[in-house]
Amino acid sequence: MVPPTVQDRLGDLLVREGLVTDDQLQKGLSEARSTKTRIGHALVKLGFVEEPDLVRALARHYRIPAVDLSRVTVDAKILRLVPGEVAIKHLALPLRRVGRTLTVAMVNPTDLGAVDDLKFVTRHDIDPVLAGEVSLRRELEKYYEAVDDRMAEILTDILDEADVEVLEEHEEEVSVQALREQIDAAPVVRFINGLLSDAVNRGASDIHIEPYEREIRVRYRIDGALQEVMKPPFKMKAALTSRIKILADLNIAERRVPQDGRIKLRLKNKVVDFRVSTLPVIFGEKIVLRILDRGNLTLDLTKFGFEPKAERDFMHAIAQPYGMVLVTGPTGSGKTTTLYSALSQVNTEEVNIMTAEDPVEYNIHGINQVLVRTEIGMSFANALRAFLRQDPNIIMVGEVRDLETGSISVKAALTGHLVLSTLHTNDAPSTITRLIDMGLEPFNVASALSLVTAQRLVRRICGSCKEVVSYPAEYFQSARIAEEYAKRVTFYRGKGCDRCSGSGYKGRQGLYEVMAISGRIRKLIMSEESTDDLRIAAIEEGMLTLRMDGLKKVERGVTTLEEVVKETTEVT
């Protein structure tokens with residue numbers, strides 16, 4: 001309920017404007033207090049004033065533009081920026097977005113608390129415009145109240161039913177019960193198809209479906225950052241989970257343990273794989289779908305963004321007939337893509353390539369790929385032993401996890417095979433220490449290893465809204481950026497536009513620390529020198545650390561200084 005003092009001030013304004021009489025005002029105040037509504041809404045409902053006249057008077061008073069909602073159609077993507085409960089609570093309707101500014105129609109645009117709430121929820125600057133309460137409530141009911149009925153159609157602007165086909169891996173094994181459940185949940189079927197299609201079209205790498213006590217949240221990971229896209233009706237929770245489990249051929253009756261599966265969809269003219277993981281949480285099951293889209297897979301190493309010397313060293317190492325090449329970095333840093341790209345470079349009819357992966361993310365023609373299944377005894381080590389009896393030229397091991405796998409990999413590299421693998425370390429020099437700590441002999445590591453690459457992924461600046469930006473001196477000091485570098489470089493940042501959904505970033509760029517194992521470094525490894533000594537030697541031989549490589553990308557305007565500082569550390 002609006003306080004009487006505010007009601008009276010607004011009422012006095014309307015009387016002065018000649019829109020209502022004193023008698024009408026008193027009746028309006030009485031109606032507003034009894035129905036717990038605003039005075040303007042009450043006067044319009046009583047027929048004492050026309051809403052357009054009221055809005056024009058308020059616009060002059062507040063000096064804020066007014067909008068006629070009957071002439072506005074709101075895009076579904078803009079609506080999703082403001083959750084229904086927030087829009088109804090504050091009587092606010094999002095209208096359009098330009099860059100990072102969101103225009104919102106409000107009954108009371110001077111309500112700073114509501115503006116702050118909207119700014120926090122949407123992560124946009126708010127530009128309020130005035131709208132009549134009767135019209136606004138009608139539009140809110142039209143757009144938000146019917147959200148349960150519309151949810152299955154929320155993605156119709158990007159979805160054509162003829163473009164989506166679920167490809168069953170084993171169609172003959174689909175039970176009658178599963179088919180019946182799919183048919184009975186037709187709106188859910190359409191919603192899930194639309195969700196998967198939308199995520200692929202927007203370039204997402206993952207879909208997160210998260211159940212909470214009173215809501216379900218759906219988020220996409222785009223360019224490495226998670227962003228909320230919608231909140232489906234809570235009553236759909238069980239149906240959504242069951243539908244995805246059916247598609248992934250999982251046990252829909254088992255809700256107590258994690259499960260993993262795959263979904264294959266044909267979207268228009270391409271087939272996309274989704275790797276599905278379910279995890280029991282306190283309010284249901286969280287589902288994460290990793291999108292494996294061959295259409296977005298770039299296997300041309302020359303387009304990865306290696307610096308010239310790093311690219312030469314890497315290409316030279318994978319062209320050798322034997323030796324070990326390791327790619328390191330955290331989960332999601334693009335290690336597997338780098339290895340696939342390396343295999344594509346050497347994939348010819350003359351060589352036998354075998355891979356042991358967990359899981360097999362992409363199927364590549366001409367390469368023999370084996371799925372590691374520890375639960376039945378098919379571990380990385382056992383797969384490697386089998387490979388050595390299959391006359392391989394090149395072996396890829398998904399990850400060196402233990403001493404046994406490391407020992408067999410080193411043995412293979414020393415006996416005439418090219419071995420590619422990954423390891424979880426922070427940088428290239430520390431990989432040597434990690435292998436020795438694992439239990440491998442230093443002389444074997446020194447003899448087998450040809451090259452180590454550490455990598456990270458940073459977001460690229462959106463080309464449509466790129467602008468020059470400056471930083472205070474304190475920022476360079478805290479980030480340990482050299483003063484000379486800060487003075488000579490022009491820094492850029494994305495302002496935020498529709499093309500990048502207001503983030504200022506579009507796409508990702510790799511940062512690479514490539515350490516070739518030279519004779520000098522081999523001697524340091526055999527004498528078990530420290531990681532710092534290995535790093536100093538490698539830098540003296542021309543290696544760029546991740547920070548150095550990142551700063552070169554900043555200098556060329558590829559990414560922002562914030563991204564490089566976030567993903568790399570300055571090595572002293």
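- Contact check for Leu95 versus Val129: side-chain heavy atoms found under the 4.5 Å cut-off.
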Mind running side chain to side chain contact (heavy atoms under 4.5 Å, CB included) on Ser503 and Cys462 for me, showing each step along the way? CA-CA 8 Å; Ser503 68; Cys462 174; over 6 Å; no
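- Residues Lys231 and Pro83 come closest through the heavy atom pair NZ-CG, 4.5 Å.
- Identified under the salt bridge (Lys or Arg N to Asp or Glu O under 4.0 Å) test for residues 61-73, with sequence neighbours left out: Asp68-Arg71.
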Check residues 96-109 and write down every donor-acceptor pair under 3.5 Å in which the side-chain atom is one partner and the other belongs to a residue at least two apart or another chain.
residue, atom, partner, partner atom, Å
Arg100, NH1, Gly502, O, 2.1
Arg100, NH2, Arg123, O, 2.5
Asn108, OD1, Thr110, N, 3.3
Asn108, OD1, Thr110, OG1, 2.5

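- Residues Arg217 and Tyr212 bring a donor and an acceptor atom of their side chains to less than 3.5 Å of each other.
- Within 6.0 Å of atom NZ in Lys309, more than 12 heavy atoms from other residues, nucleotides or ligands are found, so the atom counts as buried in its surroundings.
- A donor-acceptor distance shorter than 3.5 angstrom exists from the side chain of Ser430 to the backbone of Asp427, with no hydrogens or angles considered.
- At distances below 3.5 Å, at least one donor-acceptor pair connects side-chain atoms of Arg547 with backbone N or O atoms of Thr568.
- One distance of note links CD1 of Ile263 with CZ of Arg243; it measures 8.0 Å at 0.5 Å rounding.
- Between Lys264 and Val272 there is no side-chain heavy-atom pair separated by less than 4.5 Å.
- Taking CD of Glu307 as the reference point, atom NZ of Lys553 lies at 4.0 Å (rounded to 0.5 Å).
- Closest of all the heavy-atom pairs between Val514 and Ala310 is CG2-CB, 3.7 Å.
- A distance of 12.5 Å separates CD1 in Ile126 from CG in Leu112, rounded to the nearest 0.5 Å.
- Partners of Glu483 according to the side chain to side chain donor-acceptor pair (under 3.5 Å) rule, which considers only residues two or more places apart in sequence or in another chain, are Lys487.
- Between Val72 and Val67, the closest side-chain pair of non-hydrogen atoms falls below 4.5 Å.
- Expressed to the nearest 0.5 Å, how far CD of Glu139 lies from CG of Leu69 amounts to 5.5 Å.
- A heavy-atom distance below 4.5 Å is not found between the side chains of Asp260 and Thr278.
- The shortest non-hydrogen separation linking Met543 to Met515 is SD-CB, 3.6 Å.
- Ser277 is not listed as a side-chain neighbour of Ile287, based on a closest heavy-atom distance of 4.5 Å or more.
- Applying the side-chain contact (heavy atoms from CB on, under 4.5 Å) test to Val327 and every residue at least two apart in sequence or in another chain returns Lys335, Thr338, Leu339, Gln455.
- At least one donor-acceptor pair closer than 3.5 Å links the side chain of Thr122 to the backbone N or O of Leu118.
- Contact of the Arg137 side chain with the Leu91 side chain is registered, since non-hydrogen atoms from C-beta on lie closer than 4.5 Å.
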Begin with the C-alpha distance, continue with both residues' side-chain angles, and end with the deciding distance and a verdict on salt bridge (Lys or Arg N to Asp or Glu O under 4.0 Å) for Lys566 and Glu563. CA-CA 5 Å; Lys566 181 180 72 173; Glu563 282 289 294; 3.1 Å; yes
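- Of the inter-residue distances, the one linking Arg460 atom CZ with Gln509 atom CD reads 5.0 Å to the nearest 0.5 angstrom.
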Query - Intermediate values then yes/no, side chain to side chain contact (heavy atoms under 4.5 Å, CB included), Val288 and Phe274 - result: CA-CA 9 Å; Val288 176; Phe274 296 82; over 6 Å; no
Verdict with reasoning, Arg262 to Leu292, per side chain to side chain contact (heavy atoms under 4.5 Å, CB included)
CA-CA 10 Å; Arg262 295 181 83 110; Leu292 306 175; 3.5 Å; yes
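- Dense packing is recorded around OH of Tyr475, with more than 12 heavy atoms of other residues, nucleotides or ligands lying under 6.0 Å away.
- Residues meeting the side chain to side chain donor-acceptor pair (under 3.5 Å) test with His90, sequence neighbours left out: Asp117.
- Side-chain contact between Thr328 and Thr453: absent, with no pair of heavy atoms (C-beta onward) separated by less than 4.5 Å.
- Between Ile244 and Ile209, the closest side-chain pair of non-hydrogen atoms falls below 4.5 Å.
- Applying the side-chain contact (heavy atoms from CB on, under 4.5 Å) test to Asp116 and every residue at least two apart in sequence or in another chain returns nothing.
- Partners of Pro330 according to the side-chain contact (heavy atoms from CB on, under 4.5 Å) rule, which considers only residues two or more places apart in sequence or in another chain, are Ser333, Arg456.
- With values rounded to the nearest 0.5 angstrom, Tyr220 atom OH is found 6.0 Å from Arg202 atom CZ.
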Would Lys552 and Val558 count as a side chain to side chain contact (heavy atoms under 4.5 Å, CB included) here? Give the steps.
CA-CA 9 Å; Lys552 284 186 173 290; Val558 174; over 6 Å; no
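- Remark: the backbone N or O of Ala114 is not paired with any side-chain donor or acceptor of Lys119 at under 3.5 angstrom.
- Around atom NZ of Lys237, more than 12 heavy atoms belonging to other residues, nucleotides or ligands sit under 6.0 Å away.
- Shown here are the side-chain contact (heavy atoms from CB on, under 4.5 Å) partners of Glu467, two or more places apart in sequence or in another chain: Lys495.
- In terms of modelled atom types and a separation under 3.5 Å, the side chain of Ser135 and the main chain of Gly132 share no donor-acceptor contact.
- Closest of all the heavy-atom pairs between Ala479 and Val565 is CB-CG2, 3.8 Å.
- A pairwise comparison of heavy atoms in Ala59 and Leu130 identifies N-CD2, 3.4 Å as the closest pair.
- Residue pairs satisfying the side chain to side chain donor-acceptor pair (under 3.5 Å) criterion with at least one member in residues 280-290, sequence neighbours excluded, are listed as follows: Asp206-Arg290, His208-Lys286, Glu210-Lys286, Lys245-Glu285.
- For the ring pair (Phe, Tyr, Trp, His ring centres under 6.0 Å) condition, the pairs that include at least one residue of residues 477-514, sequence neighbours left out, are Phe306-Tyr512, Tyr471-Phe491, Phe476-Phe491.
- Here the closest non-hydrogen pair linking Leu551 and Val564 is N-CG1, 4.2 Å.
- For Glu484, the side chain to side chain donor-acceptor pair (under 3.5 Å) partners at least two apart in sequence or on another chain are Arg488.
- Of the possible polar contacts, one joining the Asp223 side chain to the Gly507 backbone as a donor-acceptor pair under 3.5 Å is found.
- Scored by the side chain to side chain donor-acceptor pair (under 3.5 Å) test, Ser205 finds no partners at all (sequence neighbours excluded).
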